[in-house]
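First comes the structure, then the notes that go with it.
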Amino acid sequence: MSSGTNTSGAPRYRFAPSPTGFFHVGGARTALYNWALAKNEGGTFVLRIEDTDEARNRPEWTEGIIDALAWIGISRDDPTFEGPYFQSQYAEAHVAAAERLFREGHAYYCDLTSEQIQERAKAAGKPGYDGYSRDRGLEPGPGRVLRFRVPEGATVVDDLVRGRVEFQNDTIEDFVLLRGNGSPMFLLANVVDDVSMGITHVVRAEEHLPNTPKQQMLWEALGHTPPTWAHVPVLVNEQRKKLSKRRDKVALEQYRAEGYLADAMVNYLMTLGWAPQGDTEIVPWSRIQSEFRLEDVNHSPAFFDLKKLAAFNGEYIRAMSVDDFVAACEPWLHGEAAPWPADRFDAGVFRSLAELVQTRIVTMSEVPTLVDFMFLPEALIDQVAWDKTFAAADSAAMLRSAREKFAAVDWSAEALKTTTEECGTALGLKLGKAQAPVRVAVTGRTVGPPLFEALELLGRDAVLTRLDTAITRLG
RNA sequence: GCCCCCAUCGUCUAGUGGCCUAGGACACCACCCUUUCAAGGUGGCGGCACGGGUUCGAAUCCCGUUGGGGGUGCCA
């Protein structure tokens, strides 16, 4: 943080989140945009934390941001990554810049209180500050704010996504740079930091577009050429409103905890407002990185569609090799995520079942419920499933018949299937109906992985015990 | 109120004046496959907001209307 001039010529993209205790999916997308560009252009991704007083007391919030970024592939260990910097570190520079703007006539002090400003606005019939102190020549003093002297004319923002956006300066009020207590405002701090860090590209959400002319005027008043701006559309919910913490699931950490894969999340996020070439949206990051162009980003807000995200995640899960899948399952197989006693878990058994589980889930968190019956001491019967299954004709008879035959059958998936089929045929049941009572008795549910493979792995003793328990339960 | 942005199937998008009878993906529906549930396969439904221009020709360019969204603090 020294020169203020970007000497290397390489682009410097800055990502400036403020810690709030969670990492917003919209922020993740913006970060990804910056990252793709910085990577592809041999530039730098500069992380600057816009830390507030509260955030400074909660270092875990900042760690959370760095952690979330790492999860989506933006690692501080990568040479493209620079930072993190903290806005609060540079407060003195912010004040110094403000004082310079005052000395050079770009700013002036004003002693009006908010109430007085409101009264004047009401009297004039126009909202906002009217420039009352512009020419009063006030010196700094307690309670006096420093305001920027917005020049005449218009400010044109050249935006890589929006094109040319023109703002009439007389619609922009003389905004505050320094508060009455002398502390710098966010807008000023932001620009001073960007200037000092030699930022060349500011890629952020569209909600910041109305602030951009102010920032651009600050860049110019400070004697620097403004950066290249790019305002990307926001992410919205089904009501077409900006995603909000209150109503929507916006925390990246939550998706991670539910078992969404980082690759799937990244891929999905990048298809919101942009699309890779060709007919397939499922593409690896390497392709996204090289194909991504800000000029190709859509102009309208994009709906964050959970169903499509889920579909992407399913695709990614199915695309994994079985070994990779088993590895990815690890966090859900042990500890609190696992509903079974730790000593009953059998990695070999799970490995045998993995391929059958893989096509049946959308998020990794669904893994335990699909295989829990294998590692629980006994079946956890779902009453609804039980009632529904045994309401069907002959299902009790089917269960007894299977119990009898299973005692003597050659214990293989194939033989178990044949036997079940035979028992069913004797009762006039097709295989689909015939397997149902056995499934509920052994797994506790009506749905699950293919039954006979599971039975083979469970072993004759366990299966017969569960069938007996079920028969007793039937009364 | 004022300022700014936006507008292709329900959703995400392809499309940059003729390749468009508007393509793909998700969702939905049907059928096939099938030991449940999935997965997979095949097919289907479904869109250029509206009105004016410009042009031989407009989803694509211009203007307007309507409809959405965002911003408007001594918040960040």
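Here is how names work: the chains are called A, B, and so on, in the same order as the sequence lines, proteins then strands, and each is numbered from 1.
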Using only modelled atom types and a 3.5 angstrom limit, is any donor from either the side chain of A:Lys308 or the base of B:rA27 paired with an acceptor on the other?
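Result: no qualifying N/O pair found.
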State whether the distance check finds a donor on one side and an acceptor on the other, under 3.5 Å, for side chain A:Arg162 versus base B:rC5.
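Absent.
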At under 4.0 Å between heavy atoms, how does the protein contact nucleotides 42-48 of chain B? Give one character per nucleotide, 5' to 3', with B, S or -.
-------
Reading nucleotides 61-76 of chain B from 5' to 3' and marking B where a protein heavy atom lies under 4.0 Å of the base, S where only the sugar-phosphate is that close, and - otherwise, the string is --------SBS--BSB
Nearest to the side chain of [X], which nucleotide is it out of [options]?
X        : options                : result
A:Phe452 : B:rC26, B:rU35, B:rA14 : B:rU35
A:Val165 : B:rU13, B:rC26, B:rC4  : B:rC4
A:Val447 : B:rU36, B:rC3, B:rA39  : B:rU36
A:Lys417 : B:rC12, B:rU35, B:rC37 : B:rU35
A:Leu431 : B:rU35, B:rC4, B:rC12  : B:rU35
A:Ser300 : B:rA7, B:rC12, B:rA39  : B:rA7
A:His299 : B:rA7, B:rU11, B:rC4   : B:rA7
A:Thr171 : B:rU35, B:rU11, B:rC3  : B:rC3
A:Arg439 : B:rU36, B:rA27, B:rU13 : B:rU36

Are a donor atom and an acceptor atom from the side chains of A:His231 and A:Arg204 found within less than 3.5 Å of each other?
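On atom types as modelled, these side chains qualify, holding a pair under 3.5 Å.
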Tell me every residue that passes side chain to side chain donor-acceptor pair (under 3.5 Å) with A:Gln383, counting only those two or more places apart in sequence or in another chain.
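Once residues adjacent in sequence are excluded, the partners of A:Gln383 under the side chain to side chain donor-acceptor pair (under 3.5 Å) criterion are A:Asp387, A:Arg473.
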Once you round it to whole Å, what is the distance between [atom2] of [N] and [atom1] of [X]?
X        : N      : atom1 : atom2 : answer
A:Phe303 : B:rA27 : CZ    : C1'   : 11 Å
A:Asn237 : B:rC12 : CG    : C1'   : 15 Å
A:Phe312 : B:rG24 : CZ    : P     : 16 Å
A:Glu355 : B:rG40 : CD    : P     : 15 Å
A:Ile172 : B:rC3  : CD1   : P     : 12 Å
A:Asn298 : B:rU16 : CG    : P     : 14 Å
A:Asp279 : B:rA22 : CG    : P     : 16 Å

Run the side chain to side chain contact (heavy atoms under 4.5 Å, CB included) test against A:Ala154 and tell me which residues pass, sequence neighbours left out.
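For A:Ala154 the side chain to side chain contact (heavy atoms under 4.5 Å, CB included) partners, ignoring immediate neighbours, are A:Glu166, A:Gln168.
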Checking the side chain of [X] only, and the main-chain atoms of [Y] only, is there a donor and an acceptor separated by less than 3.5 Å?
X        : Y        : value
A:Glu258 : A:Thr363 : no
A:Gln89  : A:Phe86  : yes
A:Arg29  : A:Val266 : no
A:Arg179 : A:Val145 : no
A:Gln358 : A:Met320 : yes

Distance under 6.0 Å and angle within 45° of ring axis: A:Lys249 vs A:Tyr255:
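Relative to the ring axis of A:Tyr255, which defines the angle, A:Lys249 lies inside both limits.
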Within 45° of the six-membered ring axis of A:Phe148 and under 6.0 Å from that ring's centre, is NZ or CZ of A:Lys214 located there?
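No cation-pi geometry.
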Can you pull out the residues from residues 378-397 of chain A that lie within a 4.0 Å heavy-atom distance of RNA chain B?
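Output list: empty, so none.
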Interface with RNA chain B, restricted to residues 266-277 of chain A and to heavy atoms under 4.0 Å
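Those residues whose heavy atoms fall under 4.0 Å from RNA chain B, taken from residues 266-277 of chain A in numerical order, are A:Thr271, A:Leu272, A:Gly273, A:Ala275.
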Closest approach of A:Arg439 to A:Pro449 (non-hydrogen atoms, all atoms of both residues)
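Residues A:Arg439 and A:Pro449, closest heavy atoms: NH1-O, 3.0 Å.
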Sort out the partner of [N] for me: Watson-Crick or G-U wobble, both distances under 3.5 Å, none otherwise.
N      : answer
B:rA25 : B:rU11
B:rG73 : none
B:rG40 : B:rC32

Looking across every strand, which nucleic acid part, if any, lies under 4.0 Å from [X] by heavy atom: base, sugar-phosphate, or nothing?
X        : answer
A:Leu451 : base
A:Pro213 : nothing
A:Arg318 : sugar-phosphate
A:Ala302 : sugar-phosphate

Provide the distance between the two [atom1] atoms, one in [N] and one in [M], to the nearest whole Å.
N      : M      : atom1 : result
B:rC48 : B:rA59 : C1'   : 5 Å
B:rC26 : B:rG44 : P     : 16 Å
B:rC28 : B:rU66 : C1'   : 30 Å
B:rG70 : B:rC29 : C1'   : 37 Å
B:rC4  : B:rG52 : C1'   : 25 Å
B:rA14 : B:rA58 : P     : 23 Å
B:rC2  : B:rA25 : C1'   : 41 Å
B:rU13 : B:rG51 : C1'   : 27 Å

I want to confirm an ordering. Mapping A:Lys307 and A:Gly432 to their closest nucleotides on RNA chain B, which one lands closer to the 5' end?
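Result of the comparison: A:Lys307.
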If you find the nucleotide of RNA chain B closest to A:Glu281 and the one closest to A:Leu356, which residue's nucleotide is nearer the 5' end?
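That would be A:Glu281.
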Centres of the A:Phe102 and A:Tyr109 rings: under 6.0 Å?
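That pair passes the under 6.0 Å test.
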Centroid-to-centroid, A:Tyr129 to A:Phe175, below 6.0 Å?
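A:Tyr129 vs A:Phe175: aromatic centres not under 6.0 Å.
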After noting the C-alpha distance and the side-chain angles of A:Arg162 and A:Glu206, does the key distance pass the side chain to side chain contact (heavy atoms under 4.5 Å, CB included) rule?
CA-CA 9 Å; A:Arg162 312 274 146 191; A:Glu206 189 194 351; 3.7 Å; yes
Can you confirm whether [X] is buried at [atom1], in the sense that more than 12 heavy atoms of other residues, nucleotides or ligands lie under 6.0 Å from that atom?
X        : atom1 : value
A:Glu378 : CD    : no
A:Gln116 : CD    : yes
A:Glu238 : CD    : yes

Working for side-chain hydrogen bond (donor to acceptor under 3.5 Å, both in side chains), residues A:Trp61 and A:Glu54
CA-CA 10 Å; A:Trp61 284 5; A:Glu54 189 180 13; over 6 Å; no
